[in-house]
There are 2 protein chains.
Amino acid sequence: MSEYRLPTIKEIAKRLNVSVSTVSRALRDHPSIGLVTTMRVQNVAKELGYEVNRSAIHFKERKTYSIGVIIPNLSEPFFSSALTGIEDAVEANNYNVIIGQSLESFEREKRIVENMKDHRVDGILVSLTKETSSYEHFESLKKYNIPVVFFDRIPSKKDINYVACNLVSGMLQAITKLVSLGHTRIGLINGPAKLAATLQRLEIYYKCLKAHNLQLDHEIIVSTSLSKADNRRAMSHLLDIAEPPTAAIVFNDYVLLDCIATVKSRGLVINKDMSFVSFANLPIWEYMDSVPLASIEQFAYQQSSMATDFLFQLIKYAGNPTGAEAPLLQHIIDSEMIEYGRPEGQ
Amino acid sequence: MSEYRLPTIKEIAKRLNVSVSTVSRALRDHPSIGLVTTMRVQNVAKELGYEVNRSAIHFKERKTYSIGVIIPNLSEPFFSSALTGIEDAVEANNYNVIIGQSLESFEREKRIVENMKDHRVDGILVSLTKETSSYEHFESLKKYNIPVVFFDRIPSKKDINYVACNLVSGMLQAITKLVSLGHTRIGLINGPAKLAATLQRLEIYYKCLKAHNLQLDHEIIVSTSLSKADNRRAMSHLLDIAEPPTAAIVFNDYVLLDCIATVKSRGLVINKDMSFVSFANLPIWEYMDSVPLASIEQFAYQQSSMATDFLFQLIKYAGNPTGAEAPLLQHIIDSEMIEYGRPEGQ
DNA sequence: GTACGCTACGCAACCGTTTGCGTGCAACGA
DNA sequence: TCGTTGCACGCAAACGGTTGCGTAGCGTAC
């Protein structure tokens with residue numbers, strides 16, 4: 001509680017008997033201020049421990065030098081590593097990161113957007129909740145001139161800025177591997193229809209089967225709401241059909257954890273009776289006894305740091321009041337298969 | 001890009017031919033403004049889509065209505081759940097959360113503190129890095145009147161605000177359970193000496209052994225730097241001594257994952273040849289084949305939300321320029337043992 | 001001697017809101 | 001009729017810094 005008020009530009013001015021404008025300019029090495037004056041000002045500033053009051057600048061410049069990040073759930077390694085990507089990319093620009101976890105709740109997502117809008121963040125990065133299917137809350141941000149970049153979980157719209165991950169590349173590698181191991185009946189345990197990722201995975205699945213001339217059988221395509229119970233139900237369903245698949249593509253590693261438990265509870269052996277390929281690349285597999293043959297890495301860090309770069313481009317654009325519309329920034333990163341499995345036991 | 005400028009209080013005033021002060025008061029239902037005027041102002045405000053410019057208020061009030069959170073690593077469930085606790089507690093106060101991951105780097109921690117100071121956050125919540133053993137960077141915040149509350153990983157100092165977790169309660173439960181299962185030689189795989197938690201665990205270990213009249217044997221106390229290799233080394237060391245322990249307390253679940261792998265690689269059976277008790281309560285255990293007998297829950301959410309409450313108390317205190325020194329806010333939460341294990345196989 | 005240009009600095013407005021204090025006006029009591 | 005009171009509102013300063021423009025003083029060229 002020692003110093004209640006920080007020194008201001010005014011006090012420096014008073015001390016030196018110059019005007020505040022001179023001090024302001026001297027501190028920023030403005031050429032129209034003489035060298036002697038500049039030095040004297042800077043010395044006194046240092047002596048007093050002067051620091052600019054950013055709030056004043058924010059106020060005047062109508063910027064807060066902070067960006068909002070809306071993410072479903074930081075307890076998922078994918079997102080926490082995405083956040084690290086954002087932090088690293090933001091640091092260079094001297095910005096702050098305001099965080100909001102939507103916790104997969106659409107309502108919460110809306111509230112967070114509202115709050116960030118109130119706080120006048122300079123831009124927002126978003127990965128959507130599983131529930132989100134309308135995007136008005138983001139569109140209203142245009143009025144406030146707050147740019148938005150989506151990453152990974154992006155809206156099914158065209159006129160947006162985004163960075164996403166192309167799963168085809170990784171999936172093709174994975175199916176090629178499965179085929180090379182002799183699998184011909186490869187199932188799909190997909191996510192909820194709401195998610196863009198679900199449709200995407202389905203399309204990719206079709207594409208990859210076709211690429212390998214494998215028979216398409218709708219019986220071995222199931223979907224889950226991603227709840228624990230439903231994951232198990234989906235897996236059980238696959239095992240119960242007359243001619244079960246010998247391998248399955250699974251929506252993500254979390255679903256897979258449940259699938260593995262289900263398979264094992266039936267006394268079946270992972271990677272022998274049933275092989276898996278999953279998405280997400282959880283760091284825990286190296287500790288697990290039962291692992292997928294492979295997981296498809298979606299590069300959270302790279303996605304989010306590129307999205308952050310996009311956002312800063314848009315922020316610069318928004319700053320220039322050239323009437324010109326900002327360009328759409330869109331990019332798709334290739335996924336990659338990461339091998340884990342030890343096929344056929346051991 | 002449609003509306004470049006948001007409507008201000010001035011425009012409302014102009015529209016109604018009243019002064020800005022009247023508008024300002026009317027918007028906040030000030031009693032000295034007539035009912036009619038108040039209504040007219042509020043109507044026009046709604047019509048224009050007026051919203052207060054918080055930057056102006058922040059500037060005037062010298063507050064940013066945001067708090068900083070410095071956390072080692074959000075990829076640890078403990079910390080991501082702590083962050084959720086903070087978000088929930090903050091929401092009620094209409095504050096924002098500015099996040100900074102120190103990634104266990106002391107230098108990074110200092111940089112983050114510096115940045116948050118520049119941004120004039122109203123307060124800071126911290127959980128220290130493993131490296132942090134000097135605290136000047138936090139003490140300098142006093143000059144700026146920015147209160148700090150530590151949680152979980154707290155400095156070894158007396159004059160600080162903190163919330164921490166008392167491990168004695170949980171540990172006592174765990175050792176009682178081990179003893180009831182017949183264990184008498186219980187080892188300790190501890191963390192690096194730098195961490196306060198390490199010393200704490202050691203003291204608790206002593207205390208609990210004594211409480212059960214167990215013999216203290218320094219040979220079965222080892223420590224690890226928390227690196228994967230060192231975790232395995234530590235575990236191997238325990239197994240290699242003449243009379244190995246039949247159970248061990250392990251610093252945390254991450255270390256335990258490595259210990260389990262080490263034990264199994266020797267063909268030994270978890271919870272039969274070697275039983276474990278650990279800290280942290282990772283959500284993954286339910287998917288694992290080999291689990292500790294019990295894990296000691298440290299209540300990240302509760303710790304962090306209480307720390308947040310503390311912080312808001314201090315912020316209020318800092319706002320009142322009563323010369324009075326703020327009180328020290330300190331609290332310790334009891335840990336609890338969570339049982340997982342199925343002793344003696346299955 | 002006048003006109004001009006350059007250097008080095010000051011003046012004042014501005015960003016949007018809050019708030020202490022002042023004041024005109026009407027009602028009221030004496 | 002005059003003084004008092006209270007209501008409803010306006011004035012202006014303040015928060016800290018930036019910036020367009022104005023200008024004093026000086027040197028220089030004609």
Side-chain angles (χ1 to χ4, degrees), chain A residues 3-42 44-45 48-65 117-120 122 144-145 319 321, chain B residues 3-42 44-45 48-65 94 117-120 122 144-145 318-319 321:
Chain A
E3 320 174 19
Y4 217 132
R5 218 79 145 205
L6 263 40
T8 75
I9 220 172
K10 249 181 227 169
E11 293 162 39
I12 302 183
K14 200 167 293 172
R15 274 241 216 181
L16 269 66
N17 263 323
V18 295
S19 72
V20 287
S21 48
T22 301
V23 175
S24 171
R25 291 191 172 102
L27 288 173
R28 326 173 87 226
D29 285 315
H30 194 284
S32 85
I33 302 297
L35 196 60
V36 203
T37 313
T38 302
M39 294 294 288
R40 295 203 321 156
V41 167
Q42 295 191 352
V44 174
L48 257 54
Y50 169 79
E51 295 173 49
V52 292
N53 178 336
R54 294 220 201 168
S55 294
I57 312 232
H58 297 172
F59 169 49
K60 200 175 187 340
E61 298 193 346
R62 296 187 199 78
K63 292 180 77 178
T64 56
Y65 292 94
K117 187 202 70 189
D118 283 353
H119 246 259
R120 296 284 189 280
D122 293 348
Y144 301 95
N145 220 5
Chain B
E3 319 173 18
Y4 218 131
R5 217 79 144 209
L6 262 41
T8 75
I9 223 172
K10 249 182 227 170
E11 292 162 40
I12 303 183
K14 200 168 293 173
R15 273 241 216 181
L16 270 67
N17 264 324
V18 296
S19 73
V20 288
S21 47
T22 302
V23 176
S24 172
R25 292 192 172 101
L27 287 173
R28 327 175 87 226
D29 286 315
H30 194 283
S32 84
I33 302 297
L35 196 60
V36 204
T37 315
T38 301
M39 294 294 287
R40 296 202 323 155
V41 167
Q42 295 191 352
V44 173
L48 257 52
Y50 169 80
E51 296 174 48
V52 292
N53 180 335
R54 295 220 202 168
S55 292
I57 311 230
H58 297 173
F59 169 48
K60 202 173 183 344
E61 299 193 347
R62 296 187 200 78
K63 293 179 75 177
T64 57
Y65 292 95
N94 238 304
K117 188 204 68 187
D118 283 354
H119 246 259
R120 295 286 190 277
D122 293 349
Y144 301 95
N145 220 3

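Fair warning: this is a prediction, and the values are worked out from it, not measured in the lab.
Under the side chain to side chain contact (heavy atoms under 4.5 Å, CB included) rule, A:Val20 has a single partner from A:Thr8, A:Ile9, A:Ile12, which is A:Ile9.
With C:dT19, D:dC15, C:dT17 as the choices, the nucleotide that has an atom nearest any side-chain atom of B:Ser21 turns out to be C:dT19. Distances from the side chain of B:Tyr50 to the nucleotides C:dG10, C:dT17, C:dG16 place C:dT17 closest. For A:Thr22, whose side chain is taken as the heavy atoms from C-beta onward, the closest listed nucleotide among C:dG16, C:dC9, D:dG16 is C:dC9. Nearest to the side chain of B:Arg28, among C:dT18, C:dT17, C:dG10, sits C:dT18. Of the candidate nucleotides C:dT18, D:dT19, C:dC15, C:dT18 has the atom lying nearest to any side-chain atom of B:Ile57.
One can place CG of B:Leu35 at 9 Å from P of D:dA8, the figure rounded to the nearest angstrom. When the C1' atom of D:dC9 is taken as reference, atom CE of B:Met39 falls 19 Å away, rounded to whole Å. Taking atom CZ of A:Phe59 as the reference point, atom C1' of D:dC15 lies 9 Å away to the nearest angstrom. As a whole-Å value, the separation of A:Asp29 CG from C:dC9 P is 13 Å. Rounded to whole Å, the distance from NE2 on A:His58 to C1' on C:dT17 is 18 Å. As rounded to whole Å, 14 Å separates atom P of C:dG20 from atom CD1 of B:Ile33. Separating the NZ atom of A:Lys14 from the P atom of C:dG10 is a distance of 15 Å, rounded to the nearest angstrom. Atom C1' of nucleotide C:dT18 and atom CZ of B:Arg62 are separated by 12 Å, given to the nearest angstrom.
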> Yes or no on side chain to side chain contact (heavy atoms under 4.5 Å, CB included) for A:Glu51 and B:Lys117, after CA distance, side-chain angles and deciding distance?
Replying inline: CA-CA 10 Å; A:Glu51 295 173 49; B:Lys117 188 204 68 187; 3.5 Å; yes

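Both A:Asn53 and B:Asn17 sit near DNA chain D, but only B:Asn17 has its closest nucleotide nearer the 5' end. Heavy-atom nearest nucleotides on DNA chain C were determined for A:Val20 and for A:Gly34, and the one closer to the 5' end corresponds to A:Gly34.
With hydrogens and angles disregarded, no donor-acceptor distance shorter than 3.5 Å links the side chain of A:Arg62 to the backbone of A:Phe59. In this structure a side-chain-to-backbone donor-acceptor pair under 3.5 Å is present from A:Thr64 to A:Arg120.
A:Ser24 comes within 4.0 angstrom of a base, heavy atoms only. Contact annotation for A:Val23: no contact, since no heavy-atom pair falls under 4.0 Å across all strands. Contacts of A:Ser32 with the nucleic acid, taken as non-hydrogen atoms under 4.0 Å apart, include base atoms. Backbone-only contact: B:Thr37 has heavy atoms under 4.0 Å from sugar-phosphate atoms and none from a base. Across all strands, A:Arg25 comes closer than 4.0 Å to base atoms (heavy-atom distances).
Proximity of B:Ser19 to the phosphate of D:dG10: a side-chain N or O atom is located under 4.0 Å from OP1 or OP2. Between B:Lys60 and the phosphate of D:dG16, there is no side-chain N or O to OP1/OP2 separation shorter than 4.0 Å.
Shown here for A:Leu27 and A:Gln42, the closest heavy-atom pair between the two residues is O-NE2, 4.1 Å. Of all heavy-atom pairs between B:Tyr65 and A:His119, the closest is O-NE2, 3.4 Å.
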